[in-house]
Amino acid sequence: MQRKARGVARLALFGLILAVGVLLIGPGAALGQRVDENHFRCYIISSQTPQAAQSITLDDQFTSEPEATMVGEPVMLCPPTEKTRGEQSFPIEDEEEHYTLYTAPDTASPRDVLVTDQFGADVLWKLTTPKYVMVPTAKTIGGRTFDDRDNMNHYWCYEASGPRVGARVTLDDQFSGPDNVRVTTPTLFCAPAEKVHGEDDFPILDEDLHLACYEIHGKQKTQQHTLTAENQFETDEWQTGPWEILCAPAEKALPAP
């Protein structure tokens, strides 16, 4: 009888620990989600100076050996964004962090991954070919420079598909907001990658931190922003146009064989 009572007490204590954990993480957040990392809203780069393709080598958790690929033009600039969903708010954790998506196509075998982010846990996504490299970028606008490149992962982003989310969220960042948008279908899954460009080697800083990117839809006023961007590929003046995708911090697991 005493042993049974002790078992019940242990279960009650475990339940209390779980409840406290959920409160610390935030309402509605599940254990294992990256709630302390930035979200990024990505804007089309509508104007930039054309540049010649550059050769890089990428090595991520999906490749058996480093892969050489050619980097093309910048496609989207991704500033950090605050995301609110119902009573759940994910603030900008580091306003210095920005990314740029450059074309970096390659071939790869399709694969399945289980994605956990704030929209779901262990959701099955199907990945196909690599499409972009995601590069830390410094942004200067209105006399202010945002730059945290030395503390950021580089990513190789794969075309992805998965279940439709259908969530409504509010986004607010340095370019636009607050905007009410619908998060719909997965479009990219970005894995941390070691990148070699010339004599520069950029290692993976956090192998667990991935980015799950979704199409987003909603009313928007196309407002162009002119800025100076600087990264390992170029320093240039860009103009940004409409937003297109939302990238959320995520973790991944591989399905059982």
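Since the structure is predicted, the reported quantities are computational estimates derived from the model, not experimental observations. What you see below is based on every heavy atom in this structure, not just the backbone, and it leaves out hydrogens, waters and symmetry mates.
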Does [X] reach the main-chain N or O of [Y] with its side chain, forming a donor-acceptor pair under 3.5 Å?
{"X": "Ser46", "Y": "Gln239", "result": "yes"}
{"X": "Asp148", "Y": "Glu97", "result": "no"}
{"X": "Thr81", "Y": "Asp172", "result": "yes"}
{"X": "His39", "Y": "Phe90", "result": "no"}

Open item on the list: If you define the side chain from C-beta out and look only at heavy atoms, does anything of Gln118 sit under 4.5 Å from Lys83?
Closed with: yes
TODO: May I ask you to test the Phe146-Leu227 pair for a side-chain heavy-atom distance under 4.5 Å?
DONE: no
TODO: Using side chain to side chain donor-acceptor pair (under 3.5 Å) as the criterion, point out the one residue from His154, Gln54, Gln232 that pairs with His197.
DONE: Gln54
TODO: Sort out for me which residue in Arg41, Glu95, His98 forms a side chain to side chain donor-acceptor pair (under 3.5 Å) with Gln174.
DONE: His98
Task: Exercise: do Gln51 and Tyr102 side chains pair donor with acceptor under 3.5 Å - done: no
Task: Phe62 six-ring face occupied by Lys252 cation (under 6.0 Å, within 45°) - done: yes
Open item on the list: Given the ring of Phe233, does Lys195 sit roughly above its face, with NZ or CZ under 6.0 Å from the centre of the six-membered ring and within 45° of the axis?
Closed with: yes
Open item on the list: Given Tyr214, which partner from the list Phe189, Phe40, Phe119 fulfils the ring-ring contact (aromatic ring centres under 6.0 Å, His included) test?
Closed with: Phe119
- [ ] For residues Val115 and Ala250, report the shortest heavy-atom separation together with the two atoms involved.
- [x] CG1-CB, 4.2 Å
Task: Residues, nucleotides or ligands: over 12 heavy atoms within 6.0 Å of Arg111 CZ - done: yes
Open item on the list: Tell me whether the count of non-hydrogen atoms from other residues, nucleotides or ligands lying under 6.0 Å of CD in Glu73 goes above 12.
Closed with: yes
Open item on the list: I'd like to know if Glu96 pairs up with Arg144 as an ion pair, taking the criterion as any Lys NZ or Arg NE/NH1/NH2 lying under 4.0 Å from an Asp or Glu carboxylate oxygen.
Closed with: yes
TODO: Drop me the distance from Asp206's CG to Asn153's CG, to the nearest 0.5 angstrom.
DONE: 5.5 Å
Task: SG proximity flag Cys190/Cys213, limit 2.5 angstrom - done: no
